[in-house]
K.L.:
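Quick one: this structure, given as structure tokens, is what I'll be asking you about.
Chain letters run A, B, ... following the sequence lines, proteins first, then strands; residues in each count from 1.
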Amino acid sequence: MPKYWLVKTEEDVYPIDQLKKDKETLWDCVRNYQARNFLKEMEKGDLVFIYHSNSKLTGVAGLAEVSQEAVADPQQFDKKSDYFDEKATVENPRWFSPKLKFKKQFAKVLTLSEIKELAYMKDSALTNKGNRLSVLPLTTNQGMKLLKEF
DNA sequence: GCCAACGTTGGC
DNA sequence: GCCAACGTTGGC
């Protein structure tokens, strides 16, 4: 049974269209411990909703699948990267990135306000107050029902 | 661009 | 370990 997750990306930075073109990408540059821990928990075959935050249309735009479990995020070792972390070493990396494979782009973006009206989405890190986490788990029930909205 | 809600850092 | 100051996220 695959688990369900939701990851955020800004439409300007890495939209679902780009994932579609790339077919597969390393989900890197996440620099938040809670989010990192969820990235490490992802298993091959898990389903991941792609959410556009800070965008013209804020909401769920598509679906991806975990194609490889998390490895050390290479950006943390690259001095020239904005995501360089001087406290991270190859032997003891701090940040991790799974590989995500494009599955589908939804015909329309399911907006945050629409998601908030769905009773089964009432209790999630996405709809609760705060909503700053960029990687979050959904329950199987939420994931399965959300898929049917498209 | 504004602002609420966090998360992180660093002094003590 | 506490907490103020600061930085970031994300909705609007």
Side-chain angles (χ1 to χ4, degrees), chain A residues 3-22 24-42 46-66 69-139 141-143 145-150:
Chain A
K3 281 177 288 182
Y4 291 88
W5 305 90
L6 183 145
V7 298
K8 295 180 185 173
T9 174
E10 295 192 31
E11 203 177 356
D12 301 343
V13 179
Y14 194 87
I16 184 78
D17 309 71
Q18 190 60 45
L19 180 58
K20 190 177 186 176
K21 271 185 227 157
D22 293 345
E24 192 176 48
T25 192
L26 200 61
W27 206 258
D28 57 4
C29 305
V30 173
R31 294 291 180 270
N32 168 287
Y33 289 103
Q34 216 182 333
R36 178 203 65 181
N37 294 341
F38 288 137
L39 288 176
K40 286 173 81 172
E41 280 179 37
M42 289 185 181
D46 284 358
L47 295 170
V48 183
F49 290 95
I50 305 292
Y51 177 94
H52 288 166
S53 62
N54 266 322
S55 307
K56 273 167 280 169
L57 260 184
T58 292
V60 175
L63 187 72
E65 182 184 327
V66 177
E69 287 170 27
V71 296
D73 179 346
Q75 305 263 2
Q76 68 193 311
F77 308 127
D78 179 0
K79 280 190 177 155
K80 280 170 280 178
S81 169
D82 285 346
Y83 295 92
F84 174 69
D85 186 335
E86 57 176 13
K87 289 181 183 152
T89 62
V90 178
E91 299 75 36
N92 195 11
R94 182 179 282 192
W95 307 108
F96 293 84
S97 309
K99 205 173 262 184
L100 300 186
K101 184 173 71 180
F102 175 82
K103 257 189 108 75
K104 54 181 143 176
Q105 178 165 16
F106 297 131
K108 74 180 262 303
V109 170
L110 185 67
T111 65
L112 182 60
S113 61
E114 287 168 329
I115 291 169
K116 282 179 173 166
E117 285 170 21
L118 302 169
Y120 61 87
M121 287 299 292
K122 269 252 157 53
D123 194 24
S124 79
L126 184 66
T127 49
N128 288 348
K129 200 161 82 171
N131 184 24
R132 283 166 35 109
L133 201 54
S134 64
V135 179
L136 53 104
L138 297 179
T139 66
N141 181 47
Q142 287 170 340
K145 284 185 175 164
L146 199 55
L147 262 187
K148 289 185 186 152
E149 306 287 339
F150 298 94

K.L.:
Side-chain donor-acceptor pairs under 3.5 Å in residues 55-65 of chain A, sequence neighbours left out?
P.N.:
| from | atom 1 | to | atom 2 | distance (Å) |
| --- | --- | --- | --- | --- |
| A:S55 | OG | A:E11 | N | 3.2 |
| A:S55 | OG | A:S53 | O | 2.6 |
| A:T58 | OG1 | A:S55 | O | 3.3 |
| A:E65 | OE1 | A:K103 | NZ | 3.1 |

K.L.:
Specify the separation, in whole Å, of atom CG of A:N32 and atom C1' of C:dT8.
P.N.:
10 Å

K.L.:
What is the distance, to the nearest angstrom, from the CG atom on A:L133 to the P atom on C:dT8?
P.N.:
18 Å

K.L.:
Can you tell me how far P of C:dC12 sits from NE2 of A:H52, to the nearest Å?
P.N.:
17 Å

K.L.:
Are A:K8 and C:dT9 close enough that a side-chain N or O sits under 4.0 Å from OP1 or OP2?
P.N.:
no

K.L.:
Would you call the rings of A:F150 and A:F106 parallel, tilted or perpendicular if under 30° counts as parallel and over 60° as perpendicular?
P.N.:
parallel

K.L.:
Minimum heavy-atom separation for A:M121 and A:I115, please, with both atom names.
P.N.:
CB-O, 3.7 Å

K.L.:
Rounding to a whole Å, what distance do you find between A:K129:NZ and C:dG10:C1'?
P.N.:
15 Å

K.L.:
Nearest to the A:Y33 side chain among C:dC12, B:dT8, B:dG7, which nucleotide is it?
P.N.:
B:dT8

K.L.:
C:dT9 P sits how many Å from A:E11 CD, rounded?
P.N.:
18 Å

K.L.:
Taking only side-chain nitrogens and oxygens of A:N131, does any of them come within less than 4.0 Å of OP1 or OP2 of C:dG11?
P.N.:
yes

K.L.:
Give every pair of a protein N or O atom and an N or O atom of nucleotides 3-6 of chain C that lie under 3.5 Å apart, one pair per line with the distance.
P.N.:
none

K.L.:
Please give, in whole Å, the distance from C:dG11 C1' to A:E114 CD?
P.N.:
16 Å

K.L.:
Test of understanding: with ring-ring contact (aromatic ring centres under 6.0 Å, His included), list the residues that count as partners of A:F77, not counting sequence neighbours.
P.N.:
none

